[in-house]
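This report concerns only the one structure given below.
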2 protein chains.
Amino acid sequence: MYNYRGMADHKSEEARNALWEMGYRLTPQRQLIVDALQDSEGHISAEEIHAQVKARYPHVNISTVYRTLELLKSLGLVTETDMGGGRFRYHPADKGRHHHLICEQCNSVIDIEESTFSQLKRTLLKDYGFKAHLNHIAIFGRCERCR
Amino acid sequence: MYNYRGMADHKSEEARNALWEMGYRLTPQRQLIVDALQDSEGHISAEEIHAQVKARYPHVNISTVYRTLELLKSLGLVTETDMGGGRFRYHPADKGRHHHLICEQCNSVIDIEESTFSQLKRTLLKDYGFKAHLNHIAIFGRCERCR
DNA sequence: TTTCGTGCAAACCCTTTGCATTTGC
DNA sequence: GCAAATGCAAAGGGTTTGCACGAAA
C-alpha cells in the first residue's frame, strides 16, 4: 500500500498527530479509519468504517479496523458506545461527549448533551456512593414522531 | 423426564400458575428454570440457570433455557438486562423493577430503585419529546469501596 | 534490519434456529 | 393422538486472536 502522504484531505490532523507523536506508525489503513470516523458525524460501526475504507483500499481487513479502534480508544481519541446486544459504535472524542436516544420504532438516533445526566450522577453519588462512568450511554424508547 | 409434581418446594407458584393459566405446559424444565430464577435473587444469566438446572436434570439443553426465558419475558414474568457486551441477565418481575450499578473494579452489583430515573425520564420527555423505555439499565462505574 | 502492522482464517462467546423426537395433556 | 416442547447440532453475528507475511522507520 503506497504513497499515502498527501493522499487524503487532512480532516483529522489531531488524531493523526497524536498517533505519530506516540510513536505509532501512520499507515494508510489507520489514516483511512481515522478519516471515516471524522466524516461520520459520530455513531459509526466497525462494519461501516470497514465498508468505507474498503471503497478506497479493497484489501483492508475488518480485524485491522477493530485493532485500530482499540488503539484509538486506548489513546482516548475515540469513545465506544454499546448500542445494545453487544453492538458497538464509535465516535471521535474531540467531537464532544454526548449520549444517545434510540427510537425502537424508526431506529433514529438523537444526540443529547452530557449535562442531561449530571443530576442523575449526583444522585447516584449521594445516595449510593457510586461514581458513575457515563461514557456514552444509549437509551431506548420512542421518539416524538413515532408515538 | 419423570414425576415432577411434588418434586420442588414450590417457591414460585405465581410464575407456574401464570404459565398454567395461559395454557402453557408445565414441563419439568420450565419449573426448574422458574425455580432457578426465583432462587437467584435476580441477575442470573442463562448459563447460570442452565448449570443449576443441569445439576438436577443433566440432559436439559441451554436452548430450552433461552426459549423458556423468551416465553417468560413475553408474559411479563421476567425482565432482561443487557449487562454490556451483549450479555444478558434475568430477573423475576415480581421482585420489583430496579436498575443496576456495576462496579468495574470488583464487579459487584448494586440494585437501585426505578424512581432514581424518574427525573431523567421527565427531562427526556420534556426536552427531546422522547419516551424512554427504561426496563433494566446497567450503569458502570466505581463503587464506594473501590474508589 | 528489525520491529510493528496487516491480512487471512479460524476461534470466540452468547444467542438463535431447523428439524426430528419426545412429552404433556 | 396431537400439538407443543425439547434436545441436538449447526448457524448466526459481531468481535477477537494466532500466525506468517509485508511494510515502516
Side-chain angles (χ1 to χ4, degrees), chain A residues 1-7 15-16 19-34 43-51 53-54 56-75 78 80-90 138, chain B residues 1-8 15-17 19-34 43-51 53-54 56-75 78 80-90 138:
Chain A
M1 215 158 264
Y2 359 88
N3 175 34
Y4 57 84
R5 278 175 208 285
M7 137 194 114
R16 247 171 247 214
L19 280 177
W20 174 264
E21 283 160 19
M22 304 289 262
Y24 294 99
R25 293 182 183 167
L26 287 179
T27 66
Q29 289 92 331
R30 283 178 178 168
Q31 302 206 35
L32 287 167
I33 290 165
V34 167
H43 325 133
I44 195 172
S45 70
E47 301 214 327
E48 285 161 359
I49 293 172
H50 184 218
V53 170
K54 262 213 303 208
R56 289 236 204 164
Y57 286 105
H59 296 304
V60 173
N61 194 273
I62 189 135
S63 62
T64 299
V65 175
Y66 280 111
R67 281 190 277 233
T68 301
L69 288 169
E70 191 61 41
L71 175 62
L72 295 171
K73 263 193 293 171
S74 74
L75 296 176
V78 155
E80 183 188 68
T81 312
D82 188 338
M83 306 291 269
R87 287 87 200 271
F88 295 100
R89 294 188 155 259
Y90 301 88
Chain B
M1 215 156 263
Y2 359 89
N3 175 34
Y4 57 86
R5 279 177 207 282
M7 132 194 118
R16 247 172 246 212
N17 293 340
L19 281 177
W20 175 263
E21 282 160 20
M22 304 289 262
Y24 294 99
R25 294 182 183 170
L26 287 179
T27 66
Q29 290 91 330
R30 284 179 176 168
Q31 302 207 35
L32 288 167
I33 290 164
V34 167
H43 323 133
I44 196 172
S45 70
E47 301 213 327
E48 285 161 359
I49 293 172
H50 184 219
V53 171
K54 261 213 304 207
R56 290 235 203 164
Y57 286 106
H59 297 304
V60 174
N61 195 274
I62 189 136
S63 63
T64 299
V65 174
Y66 280 110
R67 280 190 277 232
T68 300
L69 288 170
E70 191 60 40
L71 175 61
L72 295 171
K73 263 194 292 172
S74 75
L75 296 177
V78 155
E80 183 187 67
T81 312
D82 188 337
M83 306 292 267
R87 285 87 198 271
F88 295 99
R89 295 188 154 258
Y90 302 87

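Each chain gets a letter, A, B and so on, in the order the sequences are listed, and its residues count up from 1.
Taking atom CD1 of residue A:I49 and atom P of nucleotide D:dG14, one finds them 14 Å apart after rounding to whole Å. One atom, NE2 of A:H59, and another, P of D:dC21, lie 18 Å apart when rounded to the nearest Å. C:dC14 atom P lies 11 Å from atom CD of B:E48, rounded to whole Å. Atom OH of A:Y57 is separated from atom C1' of C:dG7 by 16 Å (rounded to the nearest Å). For the pair A:N61 CG and D:dG14 P, the computed distance is 15 Å after rounding to whole Å. Distance, B:H50 NE2 to D:dC8 C1': 12 Å, rounded to whole Å. Computed from coordinates, the B:L71 CG to C:dT16 C1' distance equals 16 Å when rounded to whole Å. In this structure, the CE atom of A:M22 is 13 Å from the P atom of C:dG5, given to the nearest Å.
Closest to the side chain of A:W20, out of C:dC8, D:dA25, C:dT6, is D:dA25. Nearest nucleotide to the A:S63 side chain, out of C:dT3, D:dT17, C:dT6: D:dT17. Listed candidates were D:dT6, C:dC25, C:dC8. Nearest to the side chain of B:R25 is C:dC25. Distance from the side chain of A:R30 is smallest to C:dT6 among D:dA23, C:dT6, D:dG7. Residue B:R87 places its side chain closer to C:dC13 than to any other of D:dG7, C:dT23, C:dC13. Listed nucleotides: C:dC25, D:dT17, C:dT17. Nearest to the side chain of A:R67: D:dT17.
Rounding to the nearest 0.5 Å gives a distance of 7.0 Å between OG1 of B:T81 and NE2 of B:H43. Taking CG of A:D82 as the reference point, atom CZ of A:R87 lies at 10.0 Å (rounded to 0.5 Å). Rounding to the nearest 0.5 angstrom, the gap separating the CG atom in A:L32 from the NZ atom in A:K54 is 13.5 Å. To the nearest 0.5 angstrom, B:S74 atom OG is 7.5 Å from B:M22 atom CE.
The closest side-chain heavy-atom distance from B:Q29 to B:T68 is not below 4.5 Å.
The residues A:K73 and A:E70 are annotated as salt-bridged, a charged nitrogen and a carboxylate oxygen being separated by less than 4.0 angstrom.
Both B:I62 and B:Y24 sit near DNA chain C, but only B:I62 has its closest nucleotide nearer the 5' end.
B:T64 has a side-chain polar atom (N or O) that falls below the 4.0 Å cut-off from OP1 or OP2 of D:dG7. OP1 or OP2 of D:dG7 sits under 4.0 Å from a side-chain N or O of B:Q29. For D:dA24, the OP1/OP2 oxygens have no side-chain nitrogen or oxygen of A:T27 closer than 4.0 Å.
Side chain of B:H50 to backbone of B:V60: a donor-acceptor contact under 3.5 angstrom is found. Checked by atom type and distance alone, the side chain of B:R30 pairs as donor or acceptor with a backbone atom of B:R25 at under 3.5 Å.
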- Item | For DNA chain D, the dot-bracket pattern of Watson-Crick and G-U pairs whose distances stay under 3.5 Å, | for other-strand partners | |||||||||||||||||||||.|||
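If you check every strand for non-hydrogen atoms under 4.0 Å, B:E47 touches sugar and phosphate atoms only.
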